[in-house]
Amino acid sequence: MQLVLDVKNIECRYQQRVAVHDVSLRINDGDLFSLLGPSGCGKTTVLRAIAGFESVSSGYISLRNEVVSKTGYTKPPENRHIGMVFQDYALFPHMDVQDNIGFGLRDLSSQDRKNRIKEMLKIVDLNDYADRYVHELSGGQQQRIALARALAPKPDLVLMDEPFSNLDVEMREYLSQEVRQILKSQGATGILVTHDQLEAFSVADHIGVMNQGEIVQNDTAYNLYHSPNNHFVADFIGQGVFLEGTLLAPDKIETPLGIIKGDRAYDWPRGSKVRLLIRPDDIVHDEQGNLVGEVCNKAFKGAEILYTLRLSSGIEVLSLFPSHHNYEVKERVKINFAPDHMVAFKV
Ligand code: ATP
């Protein structure tokens, strides 16, 4: 695997205020990575530093083994061989689709340029749109053209900043899957910045979750969900509730729902107070179950219903039932507590 991007311990400041602190990440050829986090956590600043629009106050950024940013030096964006896709598409309104796509191909011969434009139109499935102007395209079509324009010069890296946020929910879901397919088919290496975890999950191989200017966990979607390594990620990714508990043994926690023996061991002192993460898939609907929950809320999700259940102890948990298991608010249902993975944090 060839390393395309190496971001090492970078810090970025606006005036004297630190916006990004000690961020490191490495991306190999053909990998799709996402920076995910709440508003203001520093995702765009990292992306802009990689693009060369912001400088770094410590650490370095190297692209294909060449240092492009370090303290006192920032290689200009136009010399980094990077493609960019923005939230507002940023297509040129006075050019038609083919000239937009061909914008970065001025070094090619006219025939090669034409061939590449045709190839890109095919890849984004807009063969018949070559002569259209930007205002004659839908939002989703504009974003596909923006992607085609970014990919046409075969950049080393494609950077995408909230590319789906101007689209409606259905289009977002559809386009995020399509963008992944297009990028993978081209063997492109890319970074997606988003605050939407489902977008990050559907586009990226690896995700760096950011909070307050730092990457707090860099992992696969599966691990972020099932093995969050800090409280912030556990709370930010997916849904769930925290139960107060006491550590009885390295792999045993006493909770109001009973004693849980988990699949991992914690080396905190016995008797430590902990918070145990309970995901909706840890609470299973079971007619023979030994717990009873009263439905206090339900949200229909298509194939499943997400119930909020109140136990006799007053604790509320979430649970996903297949959608034909349809209960009304105030009905009582039998459940079992069946956590596959134990995830706990010391209080
Ligand atoms: P969002 O999702 O809202 O775009 P973000 O995670 O991309 O947020 P950044 O835009 O990177 O966050 O901002 C990180 C921090 O830096 C924020 O506190 C922001 O207010 C600050 N910041 C961003 N741009 C500037 C600027 N040009 N001048 C001063 N401070 C800035």
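We count ligands from 1, going down the list as the structure has it; atoms in each ligand are counted the same way. Atom set for the values below is all heavy atoms of this structure, side chains included, hydrogens, waters and symmetry mates excluded. Since we're looking at a predicted model, the values are computed, not measured.
Grouped with Leu277 in one hydrophobic cluster are Phe242, Val343, Phe345, the linkage being side-chain heavy-atom contacts under 4.5 Å among Ile, Leu, Val, Met, Phe, Trp and Tyr residues.
Listed by chain and residue number, the protein contacts of ligand 1 are Tyr14, Arg17, Ala19, Pro38, Ser39, Gly40, Cys41, Gly42, Lys43, Thr44, Thr45 (heavy atom within 4.0 angstrom).
In this structure, Phe92 is not a member of the same hydrophobic cluster as Leu151, with clusters built from ILVMFWY side-chain heavy atoms closer than 4.5 Å.
Pairs of residues two or more places apart, or lying in two chains, that qualify as salt bridge (Lys or Arg N to Asp or Glu O under 4.0 Å) and include a residue from residues 150-170 are Arg64-Asp156.
Taking the ring centre of Tyr174 as origin, the terminal cationic atom of Arg172 falls outside the region bounded by 6.0 Å and 45° from the ring axis.
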For residues 231-240, tabulate all N or O donor-acceptor pairs below 3.5 Å that involve a side-chain atom, not counting sequence neighbours.
unit_1 : atom_1 : unit_2 : atom_2 : d
His231 : NE2    : Arg275 : NH1    : 2.9

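Side-chain contact, Asp286 with Gln288: no donor N or O sits under 3.5 Å from an acceptor N or O.
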